[in-house]
Amino acid sequence: MANEAIATGQMEQLSVLVKSHSQYFGNKVLVVDATGSVLAVTYPLSSSQRDKLANEPDLRAVLREQAAAKRVDAVVDGVEVVHVSVPLDRSPSVRGALRITVNADKLGADVKQVWMSLTVIDLVLLIVVLLVVFSLVRWVRRPVRELEKSAKLLAAGQGFEPASVLTGPPEIRQLAVTFNGMATRLQQLISSQRAFAAEASHQLKTPLAALRLRLETLEPYIALRARNNLESALAETDRLARMIDGLLAMAALEESSMIREPVDLDALVHDRARVWAPVVERSGVHLLVMGARIGEVWAVPGAIEQIIDNLLANALRVSPPGSTITLDRRPNHAGRYRRREGAAELHVIDQGPGMSEEHRKRAFDRFWRAPGSGKDGTGLGLAIVQQLARASGGEVVLMPAPGSGLDAVVALMPVESAPQGRPRQLGTFHRLLNRVLGSRGRHSVTSQSR
């Protein structure tokens, strides 16, 4: 506007312009031509001050085209001020300069006000962004949490609640549809397996019992020289019955959701040793319990008792009279079994013929029996032991014993954290496993072979 007034020679309009600006903004305004002569001013200037204007740093810099704008801090009548000068029209050369003088305190207050305004705006924007992000996170997180809840219930065997397929992003809704279909199919398979486990025992045991009864009724009509064949047939029916019960027990173990709980390994070892002592003595074998106290370990309820019974029965079957079966407890600091450093080890050591490395690798296969193990085993005992150990968070390995024999090592994790919840009852599995284990004297022990 100053350029236009100067170009048209309207100096009075220029004076009115700078005065109105000064009154509105409270600033001092000065307009000079290219030589530094005053064209308009809103504050009094002495003659000496007017003569020195052209040499003042800010005006000199813009009049000589050394800067597009120049700021200078100064003190006028004891008051700190800020001079800001800019050139007027530059075509073809600078026509003059315009200076605005502002009180430094007022300028600082204005700057502070601007920063406060910007801060308030930023805070409002930040709050709005946070609200939007929080809403988006809830929108995405809710279906994910429902999926997680449904997956945990399914994994824990506590039923299945379909995840919502109506909320969340399209990708999560599609994932929920796929998960619900998979879980429904899995539930159907589990239900079918449970139905099989419930019905197979009766359907298979009944004809076996009838077959055994018919074989027994033939005994009076069998010649003495054929009695051995009859006894072998009866033994095979017994073994087949135990095999069926073993398979049902393994099926029940695989489908069960078993929660581990702390159990006192030392107390269980001494208890099973007392149970087995009469049976071992009748076989002419010594039973020795040794090792340092281990304390509590994590295990499925009833699993350690069944593991010890099965391993002791296997050891007793191969132990010659006068030998010793040892139950030993040791802490495992070497981490020999996978990466279970710090696990508690239970060793069942016999002085039998032992196994070759190849046979030890195959010993946990279902239905596999070591050569020369006899006809009374089913080949499921160690497979059940392995599943029980893994369900308890541990593992079992077979190692050669010092001298001769076999060292069955069960590695279990000691209790170092809070209990993992209330254990689920395993009535069906225990009933089936007790059928497999059979009975010796007054106590239930295993008769499975390696």
Side-chain angles (χ1 to χ4, degrees), residues 1-140:
M1 295 174 67
N3 281 328
E4 183 179 355
I6 294 173
T8 58
Q10 299 178 3
M11 295 297 119
E12 294 181 359
Q13 182 180 355
L14 178 62
S15 298
V16 172
L17 174 65
V18 295
K19 288 180 180 178
S20 63
H21 174 89
S22 177
Q23 292 174 356
Y24 185 82
F25 291 102
N27 302 328
K28 297 178 181 180
V29 182
L30 171 67
V31 179
V32 297
D33 60 13
T35 63
S37 300
V38 176
L39 298 178
V41 65
T42 61
Y43 57 95
L45 287 173
S46 63
S47 300
S48 60
Q49 289 176 331
R50 289 174 179 267
D51 295 338
K52 297 178 180 178
L53 285 176
N55 294 323
E56 292 193 7
D58 55 327
L59 294 175
R60 185 175 68 249
V62 297
L63 290 174
R64 295 180 180 179
E65 300 186 40
Q66 295 175 351
K70 184 69 175 179
R71 168 182 168 157
V72 174
D73 296 330
V75 178
V76 178
D77 298 332
V79 179
E80 293 184 359
V81 296
V82 177
H83 297 310
V84 178
S85 301
V86 294
L88 296 177
D89 190 3
R90 294 185 178 185
S91 55
S93 61
V94 174
R95 182 173 294 175
L98 185 148
R99 171 201 276 180
I100 296 178
T101 302
V102 185
N103 187 294
D105 293 337
K106 183 177 180 297
L107 181 62
D110 292 341
V111 171
K112 183 178 180 181
Q113 183 178 2
V114 171
W115 277 111
M116 290 294 295
S117 301
L118 291 176
T119 302
V120 172
I121 294 173
D122 290 344
L123 288 176
V124 172
L125 290 176
L126 180 61
I127 292 174
V128 172
V129 170
L130 288 177
L131 290 175
V132 172
V133 171
F134 181 73
S135 300
L136 288 174
V137 169
R138 288 191 61 187
W139 180 59
V140 174

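Note that OG of Ser22 is 11.0 Å distant from CG of Leu17, once rounded to the nearest 0.5 Å. Summarising the geometry, atom CG belonging to Leu98 is positioned 7.5 Å from atom CG belonging to Leu30; distances are rounded to the nearest 0.5 Å. Note that the NZ atom of Lys19 and the CG atom of Leu14 stand 10.5 Å from one another [nearest 0.5 Å]. Atoms CG and CG, from Asp122 and Leu126 in turn, are 8.5 Å apart once rounded to the nearest 0.5 Å. In this structure, His83 NE2 and Ile100 CD1 are separated by 12.5 Å, a value rounded to the nearest 0.5 Å.
In this structure, Asn27 and His21 have side chains that are in contact, with non-hydrogen atoms separated by less than 4.5 Å. Side chains of Val31 and Leu88 form a contact here, defined as non-hydrogen atoms less than 4.5 Å apart. In this structure, Leu125 and Ile121 have side chains that are in contact, with non-hydrogen atoms separated by less than 4.5 Å. Using a 4.5 Å heavy-atom cutoff, the side chains of Val72 and Glu56 are not in contact.
For the side-chain hydrogen bond (donor to acceptor under 3.5 Å, both in side chains) criterion with Asp58, the lone passing option out of Arg99, Lys70, Arg71 is Arg99.
Nearest heavy-atom pair, Ser37 versus Thr35, reported as atom, atom and distance to 0.1 Å: OG-OG1, 3.2 Å. Between Val62 and Ser85, the shortest heavy-atom contact is CG1-O, 3.6 Å. Taking each heavy atom of Tyr43 and Val29 in turn, the nearest pair found is CE2-O, 4.0 Å. Smallest separation of non-hydrogen atoms from Leu53 and Gly36: CB-O, 3.9 Å. In plain terms, the two heavy atoms of Ala68 and Pro87 that are nearest each other are O-CD, 3.1 Å.
Within a 6.0 Å radius of CD in Gln66, more than 12 heavy atoms belonging to other residues, nucleotides or ligands are found. For CD of Gln49, the number of neighbouring non-hydrogen atoms (other residues, nucleotides, ligands) closer than 6.0 Å is greater than 12.
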Test log, rule side-chain contact (heavy atoms from CB on, under 4.5 Å), inputs Asn103 and Val79: CA-CA 8 Å; Asn103 187 294; Val79 179; 3.4 Å; yes
